[in-house]
*Asks:* 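Handing you this structure, nothing more for now.
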Amino acid sequence: MVRGILVDLAIMTVIGVVLALIGPFGSIALPLARRLIMWLGYAYIGYLFYRPVWPVADLLARRLHLPRIGLMVAGCLLATVPAATAMWIVEFLPGPIPAPTVEEAFATYLNVLIIGASIMVVFHLINRNRAGPQEPMPAPPAQDRSRPRFLDRLPPELGTELVALEMEDHYVRAHTMLGSDLVLLRLRDAIVELDGIEGEQVHRSWWVARGAVEDVEREGRNVRLVLARGIAAPVSRANVQRLKDAGWF
């Protein structure tokens, strides 16, 4: 974790230096030394307020089954309010800090939003790069023909007790009893490799192992399967009756 933060701060330092050299939003008129101090400060402030948006959006998307992109956009818009306030204060340090007019507040918000959105994009790309390999990893030949091929794609520390598969962009997140990891594979292709594991695709983005279901939650017409480790998988309405007939609930 510490290493990740240090890497993030190094990236923000590079961003701050580049912005200081470019001098956007009229800052090019300032001396280079002042631009460096100002933009490095802005970069670190931006990291402080915008970096948490990604994991929070990811968590809420899982818990509430909402689209990640919408949560990230909303988080970026909200994070810009304290970020713009902090950057307004930094701009006038160490002297007295005037209250902004409505026009100044709006202009500051838009300028900071541009920077914040750029930071969000940078860390979105970084997270995807950290999440897994850039090319599909071919499954090594299984020595045991009865072992589902997909399990050979998982790191040994996750074990082989599969709970669910969740589609994330071009990846599949494999949930096991010991944790989760991303595999660069389409969900439909992953399901083909699950021969021998009893389960069903309960949603266009979810496959669930039959033995991992611990409870069923209903909220109006919405149905969710509560799985081991507290994972909740939504059931599409088209699959509710089919799973009910099969005795899942």
Side-chain angles (χ1 to χ4, degrees), residues 4 54-55 57-69 71-72 124-217 222-249:
W54 172 263
D58 188 62
L59 176 63
L60 291 178
R62 295 181 189 282
R63 295 284 179 85
L64 304 178
H65 308 293
L66 296 174
R68 285 178 179 81
I69 186 64
L71 290 170
M72 290 180 65
H124 172 71
L125 297 175
I126 291 173
N127 269 281
R128 291 197 52 169
N129 184 60
R130 290 174 178 171
Q134 295 303 305
E135 295 183 359
M137 294 173 55
Q143 297 180 355
D144 182 359
R145 291 182 179 272
S146 65
R147 174 187 171 97
R149 287 181 295 158
F150 182 79
L151 298 180
D152 294 318
R153 297 181 182 273
L154 302 180
E157 60 269 19
L158 289 187
T160 59
E161 195 171 354
L162 199 61
V163 173
L165 299 180
E166 177 187 4
M167 184 172 66
E168 292 189 16
D169 296 326
H170 301 294
Y171 294 83
V172 164
R173 180 173 293 279
H175 299 279
T176 73
M177 294 298 292
L178 301 179
S180 66
D181 197 12
L182 288 174
V183 177
L184 185 51
L185 192 70
R186 292 177 299 184
L187 180 61
R188 66 176 180 230
D189 294 333
I191 293 174
V192 171
E193 298 184 359
L194 294 177
D195 291 340
I197 301 180
E198 186 180 6
E200 291 285 350
Q201 183 170 0
V202 301
H203 186 274
R204 65 182 180 85
S205 301
W206 284 84
W207 174 94
V208 171
R210 176 77 177 264
V213 179
E214 296 182 346
D215 198 1
V216 178
E217 292 181 347
N222 297 323
V223 177
R224 287 191 295 270
L225 299 177
V226 180
L227 313 178
R229 294 181 43 233
I231 299 168
V235 179
S236 64
R237 293 177 182 175
N239 287 320
V240 170
Q241 188 61 45
R242 180 175 63 84
L243 294 176
K244 186 176 180 180
D245 293 342
W248 280 58
F249 49 83

*Asks:* Just verifying a value: how many Å separate Leu151 CG and Leu194 CG, rounded to the nearest 0.5 Å?
*Replies:* 7.5 Å
*Asks:* I'd like to check the salt bridge (charged side-chain N to carboxylate O under 4.0 Å, His left out) partners of Glu161; sequence neighbours left out, ordered by chain and number.
*Replies:* none
*Asks:* Distance from Leu162 atom CG to Met177 atom CE, nearest 0.5 Å?
*Replies:*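 One finds 11.0 Å between CG of Leu162 and CE of Met177.
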*Asks:* Hey, does His175 have a side-chain heavy atom less than 4.5 Å from the side chain of Ser180?
*Replies:*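 In contact.
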*Asks:* Do you know the tightest heavy-atom contact between Gly159 and Leu154?
*Replies:*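 Closest approach of Gly159 to Leu154, heavy atoms only: O-CD1, 4.2 Å.
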*Asks:* Where do Ala228 and Glu214 come nearest, in terms of heavy atoms and distance?
*Replies:* CA-OE2, 3.5 Å
*Asks:* Do Val216 and Val226 come close enough that some side-chain heavy atom pair is under 4.5 Å?
*Replies:*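 A side-chain contact is absent here, since even the closest heavy-atom pair is not under 4.5 Å.
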*Asks:* Identify, with sequence neighbours excluded, every residue that meets side chain to side chain donor-acceptor pair (under 3.5 Å) alongside Glu217.
*Replies:* Arg224
*Asks:* Does Thr176 use its side chain to pair, donor to acceptor, with the backbone of Leu158 at less than 3.5 Å?
*Replies:* yes
*Asks:* How far does CZ of Arg153 sit from CG of Leu182, to the nearest 0.5 angstrom?
*Replies:* 13.5 Å
*Asks:* Who are the side-chain contact (heavy atoms from CB on, under 4.5 Å) partners of Ala246, not counting sequence neighbours?
*Replies:*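 With neighbours one apart ignored, the set is Trp248.
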*Asks:* I want to check something: taking the side chain as every heavy atom from C-beta on, are Gln201 and Leu187 in contact at a cut-off of under 4.5 Å?
*Replies:* yes
*Asks:* What I'd like to find out is whether the side chain of Trp206 reaches to under 4.5 Å of the side chain of Asn239, using heavy atoms alone.
*Replies:*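 When only atoms from C-beta onward are counted, Asn239 and Trp206 do not touch, as no gap falls below 4.5 Å.
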*Asks:* Could you list the residues that satisfy side chain to side chain donor-acceptor pair (under 3.5 Å) with Thr160, not counting sequence neighbours?
*Replies:*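 If we apply the side chain to side chain donor-acceptor pair (under 3.5 Å) test to Thr160, skipping adjacent residues, there are no hits.
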*Asks:* Give me the atom names and distance for the closest heavy-atom approach of His170 to Leu184.
*Replies:* O-CD1, 3.3 Å
*Asks:* Mind checking salt bridge (charged side-chain N to carboxylate O under 4.0 Å, His left out) for Arg242 and listing every partner two or more places apart, or none if nothing turns up?
*Replies:*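 With neighbours one apart ignored, the set is Glu200.
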*Asks:* Just do the side chain to side chain contact (heavy atoms under 4.5 Å, CB included) check on Val213 and Leu227 with the steps written out, would you?
*Replies:* CA-CA 5 Å; Val213 179; Leu227 313 178; 3.9 Å; yes
*Asks:* Please enumerate all residues that pass side-chain contact (heavy atoms from CB on, under 4.5 Å) together with Ser205, with sequence neighbours excluded.
*Replies:* Met167, His203
*Asks:* According to side-chain contact (heavy atoms from CB on, under 4.5 Å), who are the partners of Val240, at least two apart in sequence or on a separate chain?
*Replies:* Val223, Val235, Phe249
*Asks:* Partners of Arg210 by salt bridge (charged side-chain N to carboxylate O under 4.0 Å, His left out), sequence neighbours excluded?
*Replies:* Glu198
*Asks:* Could you work out, with side-chain contact (heavy atoms from CB on, under 4.5 Å) as the rule, every residue matching Ala190, not counting sequence neighbours?
*Replies:* Phe150, Leu165, Val172, Leu185
*Asks:* With sequence neighbours excluded, what pairs up with Gln241 under the side chain to side chain donor-acceptor pair (under 3.5 Å) test?
*Replies:* Asp245
*Asks:* Could you pull out all residues at least two apart from Arg186 that satisfy salt bridge (charged side-chain N to carboxylate O under 4.0 Å, His left out)?
*Replies:* Asp189
